[in-house]
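Note sheet for the following structure.
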Amino acid sequence: MSATSTTDTTRAREAMVDAIVADHTRLGQRSLSWAVEQALRTVPRHTFLPGLPSAEAYDHEQAVVTKEENGLALSSVSAPSIIATMLHRADLHPGQRVLEIGSGGYNAALIRELVGPTGQVTSIDIDPDVIARAAQCLADAAVESVHLAVADGEHGFAVRAPFDRIIVTVGAWDLSPAWDAQLAPDGRLVVPMRVRGLTRCLTLERTAAYGHWRALAVDPCGFVRMQGAGEHWEPMPLLHEPDGAQVGLRLEDGPRPDIDALCTALNTDLAEAWSGVTVGAEEATDGLDLFLASAADGWALLTAQRGAIQAGLIRPIVLTGTPALVDTAGASFAYRILRRIPGQERWEFGAVGQGPHATRVAQQLTDLISRWDGDHRGGPGPHIELFPASTPAADLPPGRVVTKRHTHTVLNWDR
Ligand SMILES: C[S@@+](CC[C@H](N)C(=O)[O-])C[C@H]1O[C@@H](n2cnc3c(N)ncnc32)[C@H](O)[C@@H]1O
């Protein structure tokens with residue numbers, strides 16, 4: 001590598017870390033730990049993304065897809081900003097034993113820095129191509145002593161257990177019992193988990209009670225889906241089917257609404273409601289989304305392809321999933337929209353309702369948005385606990401209960 005390009009990559013890396021540190025400071029409650037900052041300044045990220053211009057390799061918010069199939073990303077080297085947050089949350093110390101589920105090489109190299117020569121790093125991936133790629137990149141970066149293996153992370157990696165930390169870097173739907181079994185008693189688990197369709201990175205520790213976890217932190221994130229034994233696809237019936245103009249509803253498991261009635265609703269009885277609640281361009285809305293997901297019985301995410309918006313079938317929304325409410329009794333639904341406040345860089349939240357009870361359901365959605373604004377905006381967010389699926393409903397604390405194969409997740413906003 002020439003002297004100039006070494007200087008380029010060093011500068012790009014410093015700028016990347018400065019941007020991450022600034023973001024953490026701006027977000028207030030979580031200044032990035034010094035150890036994570038130093039690791040980010042040390043590990044040459046571009047070595048894990050050969051051929052990519054350094055501006056892209058060191059873009060602090062950019063994940064780089066390294067494998068996809070039929071337009072679906074299967075593997076990526078995660079964005080530095082979420083990697084930094086997860087390592088910060090993991091609170092790694094020299095000498096610890098760490099399992100990383102989902103490889104790429106870069107994060108494993110950072111973990112190696114953080115646990116030092118007396119620590120132990122195991123990184124597993126379900127895909128042999130990913131492990132081969134990670135091995136090559138780690139060798140190119142002269143990072144030694146990362147134990148790489150092809151394995152399904154749903155089963156953990158028993159032969160190297162116990163672990164002080166398990167860091168899952170792939171989107172999980174549920175908590176695997178193997179992670180519980182292989183984590184040291186005072187261990188910490190960092191896992192991106194879908195909660196009612198929304199992916200949040202949960203930093204979990206056990207309490208004294210058997211199989212009971214509480215979230216120390218809840219961070220917004222996006223990850224490729226877990227494959228293998230832990231793979232799960234939430235039902236997503238289509239309300240409009242033509243390719244390129246599809247409209248779907250991503251639902252939590254459970255009783256299905258009458259999809260034929262909602263298909264009819266998509267084409268009839270439009271109503272609008274406005275909340276008076278506004279948001280700035282730079283403001284995050286992940287807290288609102290999680291509140292709506294917790295508070296609304298009929299919660300769903302409305303998805304759309306561009307053609308549906310171009311055809312005027314629905315208003316512009318987040319194509320991959322916009323908060324929506326299904327009024328099962330009324331065969332109607334509503335979804336969240338935004339309108340610009342004239343002359344300002346602010347937008348007001350509203351709702352479009354469709355179906356025979358369009359007005360009612362749109363109003364319900366804007367009422368919930370107002371409730372979030374009045375009671376929870378800027379607050380600590382929900383208290384999240386996980387219990388084994390065998391826990392009787394009567395023994396669960398109050399809150400929204402989301403039941404999965406292995407666990408009940410309980411979200412409680414009244415804390
Ligand atoms: C976002 S990438 C990991 C990024 C990586 N940690 C890095 O250093 O940037 C997610 C990886 O998880 C892997 N994966 C998916 N399902 C898995 C499973 N059940 N067990 C282990 N790995 C899995 C994918 O093959 C993919 O390579």
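In each ligand, atom 1 is the first atom listed, and ligand 1 is the first ligand listed. Numbers here are sequence positions counted from 1.
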Against heavy atoms of M226, which atoms of ligand 1 measure under 4.0 Å?
-> 16 (N), 19 (N)
At what distance is the nearest protein heavy atom to atom 24 (C) of ligand 1, and which residue and atom is it?
-> L74 O, 3.3 Å
In the protein, what heavy atom is nearest to atom 6 (N) of ligand 1, and what distance, to one decimal place, separates them?
-> E100 OE2, 2.8 Å
Can you measure from CD (E234) to CG (L251) and round to the nearest 0.5 angstrom?
-> 9.5 Å
Looking only at protein heavy atoms, what sits closest to atom 2 (S) of ligand 1 is S76 O, 3.2 Å
Any side-chain heavy atom of F291 sitting closer than 4.5 Å to one from D375?
-> no
D152: numbered ligand 1 atoms lying under 4.0 Å from its heavy atoms | 18 (C), 19 (N), 20 (N)
Which of the numbered atoms in ligand 1 are below 4.0 angstrom from a heavy atom of V130?
-> 27 (O)
Value for OG1 (T122) from CZ (F163), rounded to nearest 0.5 Å, stands at 5.0 Å
With heavy atoms and a 4.0 Å threshold, my read on which part of A63 contacts ligand 1 is neither
In terms of side-chain geometry, is the basic nitrogen of E252 or R400 positioned less than 4.0 Å from the acidic oxygen of its partner?
-> no
Give the intermediate values and the outcome of salt bridge (Lys or Arg N to Asp or Glu O under 4.0 Å) for residues R214 and E385.
-> CA-CA 4 Å; R214 71 193 163 95; E385 294 174 277; over 6 Å; no
Taking only non-hydrogen atoms of S75 and a 4.0 Å limit, the atoms of ligand 1 in range are 26 (C), 27 (O)
Which ligand 1 atoms does G153 reach within 4.0 Å, using its non-hydrogen atoms?
-> 18 (C), 19 (N), 20 (N), 21 (C)
Of the side chain and backbone of E231, name the one, both, or neither that has a heavy atom under 4.0 Å from an atom of ligand 1.
-> neither
Decide whether a cation-pi geometry holds between R405 and W173; the criteria are a distance under 6.0 Å from NZ or CZ to the six-membered ring centre and an angle within 45° of the ring axis.
-> no
Is any side-chain heavy atom of R112 less than 4.5 Å from a side-chain heavy atom of V115?
-> yes
For V224, take its heavy atoms, then give the atoms of ligand 1 lying under 4.0 Å from any of them.
-> 10 (C)
Quick one: does S103 get within less than 4.0 Å of ligand 1, heavy atoms only?
-> yes
So do the side chains of R206 and D180 get within less than 4.5 Å of each other, counting heavy atoms only?
-> yes
Per-atom contacts, ligand 1 versus Y106 - under 4.0 Å to a heavy atom | 8 (O)
Quick one: does L40's side chain get under 4.5 Å of L32's, heavy atoms only?
-> yes
Check I166, L216, L183, L175 against L204 for a side chain to side chain contact (heavy atoms under 4.5 Å, CB included) and give me the one that passes.
-> L175
Provide, to 0.1 Å, the distance between atom 15 (C) of ligand 1 and the closest protein heavy atom, together with that atom's residue and name.
-> V170 CG2, 3.5 Å
Atom indices of ligand 1 within 4.0 angstrom of V77 heavy atoms, with elements = 9 (O)
Answer with yes or no whether A151 contacts ligand 1, where contact means a heavy atom under 4.0 Å from a ligand atom.
-> yes
Nearest protein heavy atom with distance in Å, relative to atom 25 (O) of ligand 1 | D125 OD1, 2.7 Å
The protein heavy atom nearest to atom 17 (C) of ligand 1 is I126 CG2, 3.7 Å
Give the residue, atom name and distance (to 0.1 Å) of the protein heavy atom nearest atom 8 (O) of ligand 1.
-> N107 N, 3.1 Å
Where do E345 and R340 land on the salt bridge (Lys or Arg N to Asp or Glu O under 4.0 Å) test, with the steps shown first?
-> CA-CA 7 Å; E345 282 297 298; R340 186 153 185 189; 2.3 Å; yes
Non-hydrogen side-chain atoms of D258 and L262 separated by less than 4.5 Å = no
Would you say S78 touches ligand 1, if touching means a heavy atom closer than 4.0 Å?
-> yes
Spatial distance of atom CD (Q182) from atom CZ (R160) [nearest 0.5 Å] = 12.5 Å
Atom 10 (C) of ligand 1: closest protein heavy atom, distance to 0.1 Å, is T169 O, 3.3 Å
